[in-house]
Amino acid sequence: MRRSLPLLLAAVVALAVAPPSAAASPGFAVAYQTIPGEGGTPLKAFVVTPTGRGSGPFPLIVLPSSWGVNNIEYVGAAARMAYESGYSVISYTSRGFYDSAGEIDVAGPDTVADVSRVIDWGLAHAGGDPARIGVGGISYGAGQSLLAAARDPRIKAVAALSTWTDLARSLYPNETVSAQAVELLLAAGKLTGRPGAVLREAEAAYRENRFEDVLPISPPRSPATYASSIKAAVMIGNAWNDGLFAPSQITDFFGALTGPKRLMLSPGDHATAELFGAAGLPNEIWASVGRWFDHHLKGAANGIERELPVQVKPNNGGAWRSYPSWAAVTARTSTVALSADRIGAGWPTIAESGTVLVSGALQGFLRLPVGVSTPLIDRGAAAVWRGPVEWSGSTVSGTPRVRLTVTASAARTTLYAYLYEVNGLGLGALVTHKPVTVDGGGPRVLDVDLEPVVWNVAAGNRLVLVVDTVDARYKGSSALGSSVAFGADSWLAVPRG
């Protein structure tokens, strides 16, 4: 029964994406296989191979599963790749999860080596072509793919969706724990897999408020560490509101890549922009994945090589925009002076960054942003600065930066900076945000890069910056009864498109 259920699910997904003539040539076949990973660890996989196209060899694509998800994840996309483009595709459950053996090592050496062992198996048993190998995936599968590409020169193309590139920057931005993201990952790991020593020790340190002790595991598990070693053609697709892996670490990594590359940033939260495409349904992100592999593995002259490498869709609606580089997304910068202010720390306000997975998904699917009524923000617990009315409208395009001259009375204080678009009634939509934890004393000059974004500001609205000291998404350090003073030489730099 345990073997038949995955096959039944795979058959349902495959039938959902198969064309009416799927029974005729060309088509595809789906098999449930056990593949020896690093050290012989059994990994469970769906192998989708083309039929009616001869005996191969076929371009091979390997797709490791996401954190907490099994090998059914990509069967729909794999079936489409097999029958439309003649790929041999392996979708497998990552080590330590579900039916695959081993323990979760948080993209450690064994998990990354598993990608190469699955490639070995695909070349020997799935008709794979050693000269045409691609890897990819969503989230945990995406990070594994980038790490494997840095180590295995056989990999010629990568599609990394909702990926991390710097683990520490993702989960510990500016020395502030992204608590909702960490709790979600820990819970999913325990529920669906077998945490290994690294994950167990990391959780213990987190529970004891020793998150800095977790940081040493980050560099060897971060693709950014190996950017110069990645020679494969890399496509990255992430969401502006990704609650696990925010876009700033992505844009920096993208700039460091030296080979063929493509960046797509669009509305949504973690894995939401590409979710339906993995099931084989029509999806613009997975359509680009297919074109990327077709060009770099099959030599297809599909035009993707002539398109500008940076593709962005405004977070609050609009068509895709193309740029030659991430830096080119910003055409100019305008600066807003911030007046002196003083607030009490440790008190929550109605200014919040939203809930991981939920808020970004609402923004991406329904255009429902995290909102705020600025007149109701407690001015004793938050500093509020209003920019000028933008009578002709504008576009925030790039990475907003805040410079604050800060004097904090407590030994450690976390600040949360929120940038809102606000209408004439004071009702605002969250454009972007960023936490930062600072030591006490001062005054000290603090430069904070908010998360990158492309956002259209409507005519007649204005930008409003809010800074407070409590946010439910994060595990901050703000002592109730302490205070934070901001100097008059502070400013907000807004990138414009």
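- Applying the side-chain contact (heavy atoms from CB on, under 4.5 Å) test to Thr163 and every residue at least two apart in sequence or in another chain returns Ala142, Leu146, Ala160, Thr165, Ile236, Asn238, Ile250.
- In this structure, the side-chain contact (heavy atoms from CB on, under 4.5 Å) partners of Leu185, at least two apart in sequence or on a different chain, are Trp67, Leu171, Leu244.
- Taking the side-chain contact (heavy atoms from CB on, under 4.5 Å) definition, one finds that Asn316 meets it with Pro314, Gln363, Glu421, Trp455, Asn456, sequence neighbours left out.
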Listing, residues 371-378 side-chain donor-acceptor contacts under 3.5 Å, not counting sequence neighbours, or none:
residue, atom, partner, partner atom, Å
Thr374, OG1, Gly426, O, 2.7
Asp378, OD1, Gly380, N, 2.8

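- In this structure Tyr474 satisfies the ring pair (Phe, Tyr, Trp, His ring centres under 6.0 Å) test together with Tyr416, His433, sequence neighbours excluded.
- Legend: residues meeting salt bridge (charged side-chain N to carboxylate O under 4.0 Å, His left out) with Arg207, ordered by chain and number and at least two apart, are Glu183, Glu203.
- In this structure, the salt bridge (charged side-chain N to carboxylate O under 4.0 Å, His left out) partners of Arg496, at least two apart in sequence or on a different chain, are Glu390.
- In this structure Thr405 satisfies the side-chain contact (heavy atoms from CB on, under 4.5 Å) test together with Pro443, Val445, Asp489, Ser490, sequence neighbours excluded.
- Applying the salt bridge (Lys or Arg N to Asp or Glu O under 4.0 Å) definition to pairs two or more places apart or across chains, none involves residues 455-472.
- Under the salt bridge (Lys or Arg N to Asp or Glu O under 4.0 Å) criterion, no residue pair touches residues 263-279, with sequence neighbours excluded.
- Screening residues 312-328 for salt bridge (Lys or Arg N to Asp or Glu O under 4.0 Å) gives Glu284-Lys313 as the qualifying pairs, with residues at least two apart or on separate chains.
- Legend: salt bridge (Lys or Arg N to Asp or Glu O under 4.0 Å) pairs involving residues 332-352, not counting sequence neighbours: none detected.
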